[in-house]
Amino acid sequence: MPALPYTIGPLHESALLISWGNRIGKETHAQVMGLYQALLQSPVSGMQELVPAFSSLAVYYDPAQVKKSTQSQTSFDALKAAVEDIMANQLRYHFYSSGIIRIPVYYHTEGTDLQAMSNAKAISKEEIIYLHTERRYDVYMLGFLPGFAYMAEVDERIAVPRKAQPQPVKAGSVGIAGIQTGIYPIDSPGGWQIIGHTPLSLFDINNENKPCLLQPGDQVEFYAITADEFNRYQSRTA
Amino acid sequence: MPLQQMSLTVIKAGLLDTIQDEGRKGFQRLGINPGGAMDTYATTLANALVGNERQSPVLELHFPAAAFLFTKPALIALAGADFSPVIDDYSIPMHQPVWVNEKTRLEFRQRKNGARVYLAVHGGFTNIEYWLNSCGTQTKLQVGGFKGRALKKEDLLETKALPVAVTKKEPFRLLHWGVVESGTTDTEALLVLPGPEWDYLDEKGKTDFLQPGFTISQHSDRMGFRLEGIPLQSKTREELVSSPVTFGTIQLLPDGNLIVLMADHPTTGGYPRIATVVTAHHGMLAQKKAGDRLQFQLIDLTTAEKLLLKQEQLLQQIKTACACKLQDFFNASK
């Protein structure tokens, strides 16, 4: 995997930020996830947690811990050197998807933005559903809410801007914002254009081993289900 | 459960009183924020004073704070804001361990300084819930701490029994050690590091950022402090894709105003991160309240790290010294 240009700087004195510009795309995602997975496999001493984003990765660390095992002037320098070492070694730095998750969606017009989207984009609802389900999406990052996965890229024929004003959105709502698609894990105000609902639980507070269905690096496919199937699914898991 | 087994009863609810600890670590990649106490410097002090580990649960109290009835003896300490604490109408000091008798009342009379006071009890609170290895109360998700919510009147908090029985008639007894809080004055500048998007500001924006004249807005909470002041000028309107943010991150909003992210910060955000308050000053920042003025001063990373390591070392020394003193006290009381 050819390395893209990057910068390393402090997010603060207990977190280092590696940044590959300011963009959303597969190539950048591969860089972020490659480093993320390499650091998970061989953690640097004192490292506390990793937060991957679209085109950057934060490495949180405990400076006191890092300082114990380094001759560097600062713990930041030590961490930076360790990260650069991994990035220079192409063999250790290769991203593979962590899994494919198939998500059922009941696409419908009741209380959603599907009809308005169909009107605005001058394409049928069926075509929107087809376009949303026909490709596989990458989970670029999680953020905003517990378990909220930012996925991309949707077909540009169904890419619609965010709403000007956030509105109340129910858990399980599947939405589109620009080239991104996502699912609200909990009830929340939100500005994404909603096209349907999934009966799956994206965030489960009672499952501490796996509180979130999706994680960075996963891949997702959506498939359409009927209202009956949606209800049956919900009553089964209720 | 019979009342006698409990240790602390809330006899009057406060504005926002929650169980907190150092927060949930390791789940930000899933969008789960760390939360935890706003002032972890104060929680570490309070816990050290009563011989607890630093991650032990404490109560974070805002003003007006709750009033408590002790139904069995306890060893407590208060750190952070001074809300004029009294036990049965007698003033008790901050930053000093206090042995409290049963059937006594702890109340807070008026705010002298700061925004949040932390109450630690020896052995910690025991009837609380943990979620993802932390008992920090997440009120939005209604999880962690005491039933995932702020304390209400008649809530009962249980604590571990003291290792020795101190049978005295007086309502409380001050133990003879404490921490002289060097503290920080209101005029001291908050030290900041330049953030990843520091250069989004133009020269005037950078100069204005370092001027006095920012005030904490009323629209501030545990998630973040909104600042009022001269809107800052930026040289670019480039929109950012979502990127990691943390406690102390100062974001530049589209209207030129600033928000400083606090304990309940989201894990990622899309506003330019122009600066970040250094960790060693997080305690000082957390004790600011609406209407307080702020001034920022830039320092370099090496200095910031030194400050943090020095603060950590000091807290460690305090913890060790307090543990020794407390052991002597328990031995002498046997």
Side-chain angles (χ1 to χ4, degrees), chain A residues 7 9-15 17 19 21-25 28 36 40 48-60 62-64 66-67 73-77 140-150 180 185-186 188 202-203 205-206 208-217, chain B residues 24-34 130-133 138 140-144 148 191-198 238-249 266-270 273 275-280 282 299-309 311-313 316:
Chain A
T7 57
L11 183 60
H12 66 49
E13 73 277 30
S14 313
L17 187 77
S19 190
N22 179 32
R23 63 172 81 84
I24 300 175
T28 327
Y36 171 70
L40 282 183
Q48 286 179 325
E49 66 178 300
L50 299 169
V51 185
F54 286 116
S55 57
S56 58
L57 173 73
V59 182
Y60 287 84
D62 173 5
V66 176
K67 210 59 180 123
Q73 204 203 347
T74 62
S75 54
F76 174 82
D77 292 337
Y140 281 82
M141 60 177 283
L142 278 79
F144 169 51
L145 295 171
F148 188 96
Y150 290 87
Q180 304 170 74
I186 54 174
S188 161
L202 273 290
F203 173 66
I205 211 160
N206 297 313
E208 292 196 48
N209 292 324
K210 200 174 190 304
C212 302
L213 179 68
L214 301 176
Q215 52 174 332
Chain B
R24 234 155 244 118
K25 298 201 169 99
F27 299 94
Q28 292 198 76
R29 67 180 193 284
L30 300 176
I32 297 170
N33 66 358
Y130 282 78
W131 182 58
L132 303 179
N133 313 322
Q138 234 287 6
K140 228 186 214 168
L141 298 174
Q142 299 174 326
V143 72
L191 297 177
V192 298
L193 291 169
E197 285 80 44
W198 168 246
E238 186 183 350
E239 279 197 28
L240 274 181
V241 300
S242 261
S243 320
V245 293
T246 186
F247 196 123
T249 298
T267 56
T268 55
R273 300 153 291 185
T276 175
V277 177
V278 303
T279 311
H282 283 183
I299 59 161
D300 61 87
L301 184 64
T302 312
T303 316
E305 184 174 306
K306 273 190 190 141
L307 277 176
L308 175 61
L309 294 174
Q311 191 180 67
E312 283 299 309
Q313 203 179 10
Q316 194 53 48

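Residue numbers start from 1 in every chain, and the chains themselves are labelled A, B, ... in the order their sequence lines are given, proteins ahead of strands.
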Nearest 0.5 Å please: distance from the [atom1] atom of [X] over to the [atom2] atom of [Y].
X	Y	atom1	atom2	result
B:Arg29	A:Tyr36	CZ	OH	4.5 Å
A:Asn22	B:Ser242	CG	OG	10.5 Å
A:Glu208	B:Phe27	CD	CZ	8.0 Å
B:Leu301	A:Thr74	CG	OG1	5.5 Å
A:Gln73	B:Glu305	CD	CD	9.0 Å
A:Lys67	B:Lys306	NZ	NZ	8.0 Å

Checking [X] against chain B: side chain, backbone, both or neither under 4.5 Å from a heavy atom?
X	value
A:Pro185	neither
A:Glu13	both
A:Ala15	neither
A:Tyr150	side chain
A:Leu50	backbone
A:Leu145	backbone

Nearest non-hydrogen partners of [X] and [Y], listed with the distance:
X	Y	answer
B:Pro196	A:Leu17	CG-CD2, 3.7 Å
A:Gly143	B:Thr268	CA-OG1, 3.6 Å
A:Leu142	B:Gly31	CB-N, 4.0 Å
A:Leu214	B:Leu30	O-CD2, 3.9 Å

Task: Main-chain N/O of B:Lys25 paired to A:Glu49 side chain as donor or acceptor, under 3.5 Å - done: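 Pair absent, no side-chain N/O of A:Glu49 close to backbone of B:Lys25.
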
If I measure from the heavy atoms of chain A, does [X] come under 4.5 Å with its side chain, its backbone, both, or neither?
X	result
B:Asn133	backbone
B:Val245	backbone
B:Gln28	both
B:Glu239	backbone
B:Ala280	backbone
B:Leu309	side chain
B:Leu132	both
B:Leu193	side chain

Open item on the list: Contact between A:Val51 and B:Thr246 at the side-chain level, heavy atoms closer than 4.5 Å - yes or no?
Closed with: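 Sidechains of B:Thr246 and A:Val51: no contact.
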
Of the listed residues ([options]), which shares the most heavy-atom pairs with chain B below a 4.5 Å separation?
options	value
A:Pro211, A:Ser55, A:Ala149, A:Ser75	A:Ser75
A:Leu11, A:Thr7, A:Ile24, A:Leu57	A:Leu11
A:Phe148, A:Tyr60, A:Phe203, A:Phe144	A:Tyr60

TODO: Flag the one option from B:Thr267, B:Val278, B:Val192 with the top tally of heavy-atom pairs under 4.5 Å to chain A.
DONE: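 If we count pairs closer than 4.5 Å to chain A, B:Val278 comes out on top.
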
